[in-house]
Visitor: 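So that we are looking at the same thing, I have put the structure below in structure tokens.
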Amino acid sequence: MKTLARLVLSRLLMTFALAAPTQLIAQEAPLTVGEQVKVRWHDRSWSQTGQPGMRSVIAEVEAYDANWIRVRRGKRIIDVPTTAITNIQRRVGTRPASAPAMVIGSGLGFAGGFLGGLMVAQLDRTATGSDVVNTGLKGGILVGAPMGALFAYFNSRSRGIYEDIGLGRVVPGVIIGADTRVDVSFRIVGG
């Protein structure tokens, strides 16, 4: 019985010690100045109807505190109140090039190279029909297809991978089970 009482008492003390809701952004540093983030928020001044309009931006973090996040996109600086943020994500990597995108790029490049080769071959008045087709195939296979695949590769590598950053208050609580077990719970409530 003493062990159960000690366990309940220690869990209750831990719960009361953590009972004050705190902002996650003030609790730990989930953002780093200079990192790229994707922010989505309600903006009353942006909507013409007076209803909160949704805005989103992909930008670099300039500064932040518990109330505001300042981001920069190019030369434009945007201040976003943390209470208006509905979602914030940080860039954690770059999406790798996908095989289907490179195959499609290679196919489109081949078609372009083939047409370019046909046009070049038709400038030569001594070329026969098979020479024109062969020149088109050379242009498509040797020039167009590799260039199309490279274009698709570099285009697909520019897309970022983002992960959510929690913003909101951490609210601790106590759960008392039917078997008299006491557990501590934490919920994140929007700012």
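Numbers for residues simply follow the sequence, beginning at 1. In this text, all values refer to a predicted model and were calculated from it rather than measured experimentally.
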Visitor: Return the minimal non-hydrogen interatomic distance between Ala152 and Ala101, and the atom names on each side.
Guide: CB-O, 3.2 Å

Visitor: What distance do Met102 atom CE and Phe151 atom CZ have between them, rounded to the nearest 0.5 Å?
Guide: 13.0 Å

Visitor: For Leu108, which fellow cluster members are found when Ile, Leu, Val, Met, Phe, Trp and Tyr are connected by side-chain heavy-atom distances below 4.5 angstrom, either directly or through intermediates?
Guide: Ile104

Visitor: Would you please test Val80 and Tyr64 for side-chain contact (heavy atoms from CB on, under 4.5 Å) and show each step?
Guide: CA-CA 9 Å; Val80 181; Tyr64 64 91; over 6 Å; no

Visitor: Mind listing the closest non-hydrogen atom pair of Trp41 and Ile85 along with its distance?
Guide: CB-CA, 3.8 Å

Visitor: Report the residues that fulfil side chain to side chain contact (heavy atoms under 4.5 Å, CB included) with Val143, sequence neighbours left out, ordered by chain and then residue number.
Guide: Met147

Visitor: Can you tell me how far CD1 of Ile165 sits from CD1 of Ile88, rounded to the nearest 0.5 angstrom?
Guide: 5.0 Å

Visitor: Check for a donor-acceptor pair, side chain of Glu35 on one end and backbone N or O of Thr32 on the other, with a separation under 3.5 Å.
Guide: yes

Visitor: Tell me which pairs pass salt bridge (charged side-chain N to carboxylate O under 4.0 Å, His left out) where either residue lies in residues 72-84, with sequence neighbours left out.
Guide: Glu62-Arg72, Arg70-Asp79

Visitor: Quick one: hydrophobic cluster around Val92, which other residues, with the 4.5 Å side-chain cut-off, linked directly or via members?
Guide: Ile161

Visitor: Can you find a pair of side-chain heavy atoms, one from Arg40 and one from Met54, that are under 4.5 Å apart?
Guide: yes

Visitor: Using every non-hydrogen atom in the two residues, find where Val39 and Val37 come nearest and quote the distance to one decimal.
Guide: CG2-CG2, 3.7 Å

Visitor: Among Ile, Leu, Val, Met, Phe, Trp and Tyr joined by side-chain contacts under 4.5 Å, find the other residues sharing a cluster with Ile58 and list them by chain and number.
Guide: Tyr162

Visitor: Show the numbers, then the answer: is there a side-chain contact (heavy atoms from CB on, under 4.5 Å) between Val71 and Ile77?
Guide: CA-CA 6 Å; Val71 294; Ile77 292 181; over 6 Å; no

Visitor: Using atom types as modelled, flag every donor-acceptor pair under 3.5 Å from a side chain in residues 129-141 to any protein atom, sequence neighbours excluded.
Guide:
residue, atom, partner, partner atom, Å
Ser130, OG, Thr128, OG1, 3.4
Asp131, OD2, Thr128, N, 3.4
Asp131, OD2, Thr128, OG1, 3.3
Asn134, ND2, Ser130, O, 3.3
Thr135, OG1, Asp131, O, 2.8

Visitor: What is the distance from atom NZ of Lys38 to atom CG of Asn87, rounded to the nearest 0.5 Å?
Guide: 8.5 Å

Visitor: In terms of hydrophobic clustering (I, L, V, M, F, W, Y; side-chain heavy atoms under 4.5 Å; direct or indirect links), are Leu115 and Phe110 co-clustered?
Guide: yes

Visitor: Quick one, Gln89 and Glu163 - any side-chain contact, counting heavy atoms below 4.5 Å?
Guide: no

Visitor: For the hydrophobic clusters of this structure (ILVMFWY residues joined by side-chain heavy atoms under 4.5 Å, transitively), does one cluster hold both Val120 and Leu118?
Guide: no

